[in-house]
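Working notes, structure below.
Values below: all heavy atoms of this structure, side chains included; hydrogens, waters and symmetry mates excluded.
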Amino acid sequence: AALVRAASVGNGWFGWLTPPERTRELIQHLEDLVGAQPRPAILGPLEITVAAPSEVTLDVVKAYERIGVNRLVVGPDTAEGSEPDRFIEAFQRNVLALQPTEA
């Protein structure tokens, strides 16, 4: 029901802790729904946001990008102890540091 609402009257869809493979299936289903029913033009295309589960690497980011995710939400599994710092350091090392710099 949530996918039908997103396709017919929503501005987007938010996948919560949805891995890339499952996200791809859900995006395909959303595209099928959009193609099968009228959608107000004022809404524009659906924006896809996903909160990524577990560790995020550059390969994971690229996998979401390839399947059409517009926005990726990342964060630690918990805010307790040193977990946020550990997550930030891993994200810096595994994603940000591997991005090409613009000249």
Side-chain angles (χ1 to χ4, degrees):
L3 294 176
V4 171
R5 281 191 306 275
S8 60
V9 298
N11 293 102
W13 174 76
F14 191 108
W16 182 252
L17 303 179
T18 311
E21 317 78 52
R22 180 67 177 140
T23 299
R24 182 183 44 75
E25 294 168 4
L26 293 168
I27 289 173
Q28 181 60 57
H29 187 58
L30 282 165
E31 289 172 351
D32 293 344
L33 289 168
V34 167
Q37 62 190 2
R39 176 178 164 77
I42 195 167
L43 293 175
L46 279 174
E47 289 197 15
I48 307 298
T49 302
V50 175
S54 67
E55 286 293 317
V56 178
T57 65
L58 186 56
D59 288 339
V60 169
V61 171
K62 288 182 178 189
Y64 281 110
E65 182 179 31
R66 276 191 304 275
I67 60 176
V69 172
N70 303 101
R71 190 174 300 104
L72 191 61
V73 178
V74 299
D77 293 332
T78 179
E80 295 186 22
S82 63
E83 181 62 16
D85 292 332
R86 187 205 62 75
F87 176 85
I88 291 167
E89 290 168 4
F91 191 76
Q92 167 62 34
R93 180 178 59 254
N94 297 328
V95 178
L96 299 178
L98 302 175
Q99 290 292 314
T101 58
E102 293 185 32

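Between Phe14 and Val73, the closest side-chain pair of non-hydrogen atoms falls below 4.5 Å. Taking 4.5 Å as the limit, every side-chain heavy atom of Leu58 sits out of range of all side-chain heavy atoms of Asn94. When side chains are defined from C-beta on, Val34 counts as touching Leu46, because their heavy atoms get closer than 4.5 Å.
Between Arg22 and Glu25 there is a salt bridge, since at least one side-chain N of the basic residue sits less than 4.0 Å from a carboxylate O of the acidic one.
No path of Ile, Leu, Val, Met, Phe, Trp and Tyr side chains, each step under 4.5 Å between heavy atoms, connects Ile48 with Leu17, placing them in separate hydrophobic clusters. Connection of Leu3 to Leu43 is not established within any shared hydrophobic cluster, with ILVMFWY side chains joined at heavy-atom distances below 4.5 Å, either directly or through further cluster members. When hydrophobic clusters are built by joining Ile, Leu, Val, Met, Phe, Trp and Tyr residues whose side-chain heavy atoms come closer than 4.5 Å, directly or via intermediates, Val61 is grouped together with Phe87. Taken together through direct or relayed side-chain contacts under 4.5 Å among Ile, Leu, Val, Met, Phe, Trp and Tyr, Val95 and Val50 form part of one hydrophobic cluster.
Taking each heavy atom of Pro53 and Thr18 in turn, the nearest pair found is CD-O, 3.8 Å. Of all non-hydrogen atoms in Pro40 and Ser8, the two that sit nearest each other are CD-O, 3.3 Å. Looking at every heavy atom in both residues, Ile67 comes nearest to Pro20 through CD1-O, 3.4 Å. Summarising the geometry of Pro76 relative to Pro84, their closest heavy-atom pair is CG-CA, 4.0 Å, with the distance given to 0.1 Å.
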Given salt bridge (Lys or Arg N to Asp or Glu O under 4.0 Å), test Arg86 with Glu55 step by step and report yes or no. CA-CA 11 Å; Arg86 187 205 62 75; Glu55 286 293 317; 3.0 Å; yes
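More than 12 heavy atoms of other residues, nucleotides or ligands sit less than 6.0 Å from atom CD of Gln28. No more than 12 heavy atoms of other residues, nucleotides or ligands shown are found within 6.0 angstrom of CD on Glu80.
Using a distance-only test at 3.5 Å, with no hydrogens or angles considered, no donor-acceptor pair links the side chain of Ser82 to the main chain of Asp85. No side-chain donor-acceptor contact under 3.5 Å links Arg5 to the backbone of Gly10. Judged by distance alone, the side chain of Arg39 and the main-chain N or O of Gly44 form a donor-acceptor pair under 3.5 Å.
With values rounded to the nearest 0.5 angstrom, Glu21 atom CD is found 11.5 Å from Leu26 atom CG. The distance from the CZ atom of Arg93 to the CD1 atom of Ile88 is 12.5 Å, given to the nearest 0.5 Å. With rounding to the nearest 0.5 angstrom, the OH atom of Tyr64 is 12.0 Å from the OG1 atom of Thr49.
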